[in-house]
*Asks:* 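Sending over a structure as structure tokens; questions will come in a sec.
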Amino acid sequence: MEIQNDQPPLRPSWDEYFLMLAKLAATRSTCLAFPVGAVIVKDRQIVATGYNGSPSGSVHCTTQGYCYPGLSSCDASSSLPSRAVHAEANAIAQAAKHGISCAGSSIYVTLEPCVSCLKLVISAGIKEVYYETTFNKGEKAMVRDLFVSEDLVKLKQIHLSEAITQKAANFLLKPTSIPQV
């Protein structure tokens, strides 16, 4: 006798799906301090992706083993700016490079955008930011909250469930397009 399972298969929500794609984009990061990935989405379709790293044509921090001579990573200095172009900026630049408008879209990022990237996101017409890990504190959080209160952008933190994460890990580790026996 065959037992029927009335449970639908475990499927990520759209937010989980796009956040996992942002996490996958982060694997391309060349930043030693904070690997970050971003995915711009409009009408549930991917518009562009980005990850943080040195500007095009510049040696990668991961290649040379440091950000600046004598400095293991950009966050080790309180005065030198990061060499990395942030993931959000790279995703917006990719869209622009290919003539794709970001107006009315959403962005999924692994790290809450810094204030500079949040201003860029708003200026690009991106209306919603979904992020995994918080970043802004103190006065920077105050500026972020001001933009939100002015209804310039909506922000929402997303947490991936362990079940969805485990399913995704299994899909990455094993071939998926073979019959399941």
Side-chain angles (χ1 to χ4, degrees), residues 1-53 60-62 72-76 82 84-92 94-95 102 104-118 120-122 126-138 140-141 144-145 147-148 153-181:
M1 179 182 282
E2 191 174 315
I3 299 173
Q4 293 234 341
N5 182 355
D6 291 337
Q7 294 279 47
L10 183 63
R11 243 176 126 194
S13 68
W14 285 108
D15 288 343
E16 290 171 321
Y17 172 69
F18 292 123
L19 181 59
M20 286 191 292
L21 291 174
K23 289 173 76 87
L24 200 54
T27 65
R28 294 278 308 150
S29 172
T30 61
C31 179
L32 294 167
F34 296 102
V36 179
V39 176
I40 300 173
V41 175
K42 188 171 187 177
D43 300 324
R44 294 188 178 160
Q45 295 296 310
I46 296 169
V47 170
T49 64
Y51 52 86
N52 60 332
H60 297 304
C61 299
T62 51
S72 61
S73 71
C74 292
D75 66 338
S82 170
V85 177
H86 290 188
E88 305 90 331
N90 265 328
I92 292 167
Q94 283 301 312
C102 294
S105 64
S106 302
I107 190 166
Y108 291 79
V109 289
T110 58
L111 183 65
E112 176 190 9
C114 69
V115 172
S116 293
C117 282
L118 190 57
L120 183 59
V121 161
I122 293 166
I126 297 171
K127 296 298 180 190
E128 300 168 320
V129 176
Y130 298 92
Y131 63 93
E132 181 178 45
T133 305
T134 58
F135 178 74
N136 294 305
K137 294 175 180 31
K140 291 176 182 178
R144 173 206 61 208
D145 295 344
F147 293 150
V148 171
V153 68
K154 291 181 168 82
L155 284 102
K156 181 180 179 186
Q157 187 172 19
I158 298 174
H159 300 284
L160 297 174
S161 73
E162 190 169 334
I164 287 295
T165 306
Q166 188 59 53
K167 182 176 182 178
N170 287 336
F171 269 58
L172 289 172
L173 292 169
K174 300 174 187 167
T176 57
S177 298
I178 56 172
Q180 301 297 313
V181 262

*Asks:* Measure across A95 and V47 and return the closest heavy-atom pair with its distance rounded to 0.1 Å.
*Replies:* CB-CG1, 4.2 Å
*Asks:* With distance as the sole criterion, is a donor-acceptor pair present between the side chains of Y108 and D15 under 3.5 Å?
*Replies:*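 There is such a pair between these side chains.
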*Asks:* For W14 and F18, take the angle between the two ring planes, folded into 0 to 90°, and tell me which bin it lands in: parallel under 30, tilted 30 to 60, perpendicular over 60.
*Replies:*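 Aromatic pair W14/F18 classed parallel.
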*Asks:* Tell me, which pairs form a salt bridge (charged side-chain N to carboxylate O under 4.0 Å, His left out) where one or both residues lie in residues 157-170, sequence neighbours left out?
*Replies:* none
*Asks:* Measure across A91 and A48 and return the closest heavy-atom pair with its distance rounded to 0.1 Å.
*Replies:*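 Heavy-atom minimum between the residues: O-CB, 3.4 Å.
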*Asks:* With a 4.5 Å limit on heavy-atom distance, are the side chains of E88 and L120 in contact?
*Replies:*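 Not in contact.
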*Asks:* Looking only at heavy atoms, which two atoms of A25 and G50 are closest? And how far apart?
*Replies:*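 Heavy atoms only, the tightest pair is CB-O, 3.8 Å.
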*Asks:* E16 versus S161: any side-chain heavy-atom pair under 4.5 Å?
*Replies:*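 Side chain of E16 against side chain of S161, heavy atoms only: contact under 4.5 Å found.
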*Asks:* CG of L118 to NE2 of H86: how many Å apart, nearest 0.5 Å?
*Replies:*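 Between atom CG of L118 and atom NE2 of H86 there are 13.0 Å.
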*Asks:* Indicate the atoms forming the closest heavy-atom contact of M20 with A168, along with that distance.
*Replies:* SD-CB, 3.5 Å
*Asks:* Is the side chain of N52 donor-acceptor paired with the backbone N or O of V36 at a distance under 3.5 Å, no angle test?
*Replies:* yes
*Asks:* Calculate, to the nearest 0.5 Å, the distance between atoms NE2 and OG belonging to H60 and S29 respectively.
*Replies:*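 It comes to 10.0 Å.
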*Asks:* How many angstroms lie between atom CG of L155 and atom CD of E112, to the nearest 0.5 angstrom?
*Replies:*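 The distance works out to 6.5 Å.
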*Asks:* Considering only heavy atoms from C-beta outward, does the side chain of I126 approach that of I92 to under 4.5 Å?
*Replies:* yes
*Asks:* Hey, could you give me the NE2/CD1 distance between H159 and I164, rounded to the nearest 0.5 Å?
*Replies:*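 Answer rounded to 0.5 Å: 15.5 Å.
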*Asks:* Sub-3.5 Å donor-acceptor pair from the side chain of Q157 to the main-chain atoms of E132, do we have one?
*Replies:* yes
*Asks:* When rounded to the nearest 0.5 angstrom, what distance separates OG1 in T49 from CZ in R28?
*Replies:*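 The CZ atom of R28 is 9.5 Å from OG1 of T49, to the nearest 0.5 Å.
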*Asks:* In the structure I gave you, are the side-chain heavy atoms of T133 and T110 within less than 4.5 Å of one another anywhere?
*Replies:* no
*Asks:* With a 6.0 Å cut-off (strictly less than), is the heavy-atom count around CG of N170, excluding the residue itself, greater than 12?
*Replies:*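 Check passes, neighbour count above 12.
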*Asks:* Got a second to check how far T30's OG1 is from Y51's OH, nearest 0.5 Å?
*Replies:*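 Rounded to the nearest 0.5 Å, the OG1-OH separation comes to 7.0 Å.
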*Asks:* List the atom of G37, the atom of A26, and the distance in Å for their closest heavy-atom pair.
*Replies:*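 Nearest heavy atoms, G37 then A26: N-CB, 3.4 Å.
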*Asks:* Which pair of heavy atoms, one from S105 and one from K42, lies closest together, and at what distance?
*Replies:* CB-CB, 4.0 Å
